Amino acid sequence: MQGQRKPDSLSFDIAESAETRIRRLISEHPVIIFSRSSCCMCHAMKKLLASIGVHPTVIELDDHEMAALPPPPSEGDDSLSPRNSSAPAVFIGGTCIGGLEYLVALHLSGHLVPKLVQVGALAGFSQAVQEFCSQLDVSSHKRKVIESYAKAVNDLAMEISRKLAESLGLKGDLFENWPIQFRINKYHFTPESVGTLGVQLHTDSGFLTILQDDENVGGLEVMNNKSGEFIHVDPLPGTITVNFGDIGTAWSNGRFCNVKHRVKCQGATVRISVASFVLGPKEGPVEAPKELVDDQNPRLYVPFTWEDYRRLRLETKSHAGESLANMLISSQSE
Ligand SMILES: O=C(O)CCC(=O)C(=O)O
Ligand SMILES: [Fe+2]
């Protein structure tokens, strides 16, 4: 076996020197930590990276191999002590960052996350959140607040969606990569606005919405589909509102009801709400799972993508779910 097989990612070829092996591993993994076994500093580094959504490769080395690690760039922060050769070291995008102190310092300076984005180590929603923050040029404190809010809402949305699917007898991570879009609504209501609509009657176009409504100022009204009457959703601090959108109705083969709602001004004041929309599948069409289709429940909608559906809503200016009728199988066979 010696020297014949090309070593795969984490394997160790006896013919490779410690230096060659380390160089190879550094080049193959965007984020990698070298550490002696059971090191609490390595654990702390892993925890810090995991809190940002990055799960580094960790390689355990013996003392001799640790000494062969390349040093961090010399222009590092002079206030930090030089790296101890037996302490763990993290490499990002092929560059040695150094030990725990250096990693924390990089994070506190706000440079860690952009570096992780740059080397492609942040996946899915984490990357989207980082790019969103970079466009707004927000401070590192605000970036952390947005990051933790996005992560909490993302986790909650996935948990609620999973439970809803379970309630229909479906298992698995069915909504794993479905994008989530955030919207912050700020209403500047004046005395003249009282009684007028801040948001016209609509359904949300996606699968599910998590709405964190203003804790003090009411105005959200939900329509009862049967009677056409409006129900006031009064502010209740510490709670969120969850409703289905059009994709929810199509995906569930008509079992989940998209909710018509609006916002009416109740007083001259500023009102703020944060809506997080679980849209639809990232790739491929929205389609009711086969378990939701049988003789009693024939398939209602043709497969369609969220983007196409959204375009149709915009083009036809139909905001309250009317476009779903165009997607009915019965309407297409006429
Ligand atoms: O501001 C609200 O309470 C509701 C906002 C809303 O319905 C939306 O953003 O889709
Ligand atoms: Fe809405």
Side-chain angles (χ1 to χ4, degrees), residues 125 128-129 132 136 145-146 149-150 152-154 156-158 160-161 164 175 178-226 228-252 256-280 286 306-325 327:
F125 98 94
V129 170
F132 171 79
L136 291 180
V145 172
I146 294 172
Y149 187 86
V153 171
N154 185 75
L156 179 65
M158 289 302 119
I160 294 175
S161 304
L164 286 164
F175 311 97
W178 290 28
I180 299 185
Q181 204 170 61
F182 291 90
R183 179 156 72 212
I184 301 178
N185 301 300
K186 188 169 183 186
Y187 308 83
H188 296 271
F189 288 139
T190 62
E192 293 74 44
S193 324
V194 178
T196 64
L197 293 182
V199 174
Q200 63 172 312
L201 184 68
H202 68 284
T203 56
D204 298 329
S205 61
F207 175 70
L208 182 95
T209 304
I210 293 183
L211 182 73
Q212 189 176 356
D213 226 344
D214 196 296
E215 297 206 331
N216 304 305
V217 187
L220 177 64
E221 298 180 352
V222 170
M223 198 177 109
N224 178 328
N225 277 347
K226 284 203 181 101
E229 276 173 72
F230 283 95
I231 301 151
H232 295 256
V233 183
D234 293 328
L236 195 53
T239 63
I240 50 161
T241 305
V242 178
N243 65 270
F244 288 113
D246 298 352
I247 298 289
T249 300
W251 177 87
S252 64
F256 296 155
C257 176
N258 51 348
V259 178
K260 292 196 183 86
H261 55 288
R262 67 185 188 187
V263 177
K264 198 184 248 181
C265 170
Q266 293 186 341
T269 183
V270 168
R271 179 180 186 277
I272 293 179
S273 66
V274 184
S276 306
F277 307 98
V278 179
L279 304 180
V286 178
W306 178 77
E307 282 86 4
D308 286 346
Y309 182 69
R310 175 118 181 91
R311 205 170 307 120
L312 179 69
R313 270 180 57 127
L314 289 171
E315 279 166 12
T316 56
K317 295 193 175 56
S318 54
H319 304 289
E322 301 88 340
S323 300
L324 263 186
M327 300 303 178

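Remember, it's a predicted structure, so these values are computed and weren't measured experimentally. We count ligands from 1, going down the list as the structure has it; atoms in each ligand are counted the same way. Note that these values count all heavy atoms, side chains included, but never hydrogens, waters or copies made by symmetry.
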Check: Do I247 and L208 come within less than 4.5 Å of each other through their side chains, counting heavy atoms only?
Finding: no

Notebook entry, point to check: Which heavy atom of the protein is the closest neighbour of atom 3 (O) of ligand 1, given with residue, atom name and distance?
Noted result: D213 OD1, 2.9 Å

Margin query: Counting C-beta onward and ignoring hydrogens, is there a side-chain heavy-atom pair between T316 and S323 closer than 4.5 Å?
Written below: yes

Note to self: So that I know where these two stand, are W251 and F175 an aromatic pair - ring centroids less than 6.0 Å apart?
What the structure shows: yes

Next item on the list: Mind checking the CG-CG spacing from D246 to N258? Nearest 0.5 Å is all I need.
Entry: 4.5 Å

Notebook entry, point to check: Checking R262 against F230: charged group under 6.0 Å from the ring centre and within 45 degrees of the axis?
Noted result: yes

Next item on the list: With heavy atoms of H261 as the reference, note each atom of ligand 1 found under 4.0 Å away.
Entry: 7 (O)

Margin query: Please determine whether any non-hydrogen atom of R262 lies less than 4.0 Å from an atom of ligand 1.
Written below: no

Notebook entry, point to check: When you look for heavy atoms under 4.0 Å from ligand 1, do you find them on the side chain of L211, its backbone, both, or neither?
Noted result: side chain

Check: Can you name the N/O/S atom of H261 that is nearest the Fe ion (ligand 2)?
Finding: NE2

Margin query: Looking only at protein heavy atoms, which one is nearest to atom 5 (C) of ligand 1, and what is the separation?
Written below: N185 ND2, 3.5 Å

Check: Heavy atoms, side chains only, cut-off 4.5 Å: are Y309 and V286 in contact?
Finding: no

Item checked: F277: numbered ligand 1 atoms lying under 4.0 Å from its heavy atoms -> 9 (O), 10 (O)

Next item on the list: Tell me which part of T209 gets within contact of ligand 1: side chain, backbone, both or neither, using heavy atoms under 4.0 Å.
Entry: neither

Item checked: Angle at the Fe ion (ligand 2) (to 10°), with one arm to NE2 of H202 and the other to OD1 of D204 -> 90°

Notebook entry, point to check: Quick one: nearest non-hydrogen protein atom to atom 8 (C) of ligand 1, plus distance?
Noted result: R183 NH2, 3.4 Å

Check: When you look at F207 and F277, which way does the side chain to side chain contact (heavy atoms under 4.5 Å, CB included) test go after all the steps?
Finding: CA-CA 7 Å; F207 175 70; F277 307 98; over 6 Å; no

Next item on the list: For atom 4 (C) of ligand 1, grab the closest protein heavy atom and report residue, atom and distance to one decimal in Å.
Entry: V263 CG2, 3.6 Å

Notebook entry, point to check: With a 4.5 Å heavy-atom cut-off, do I210 and I160 have their side chains touching?
Noted result: yes

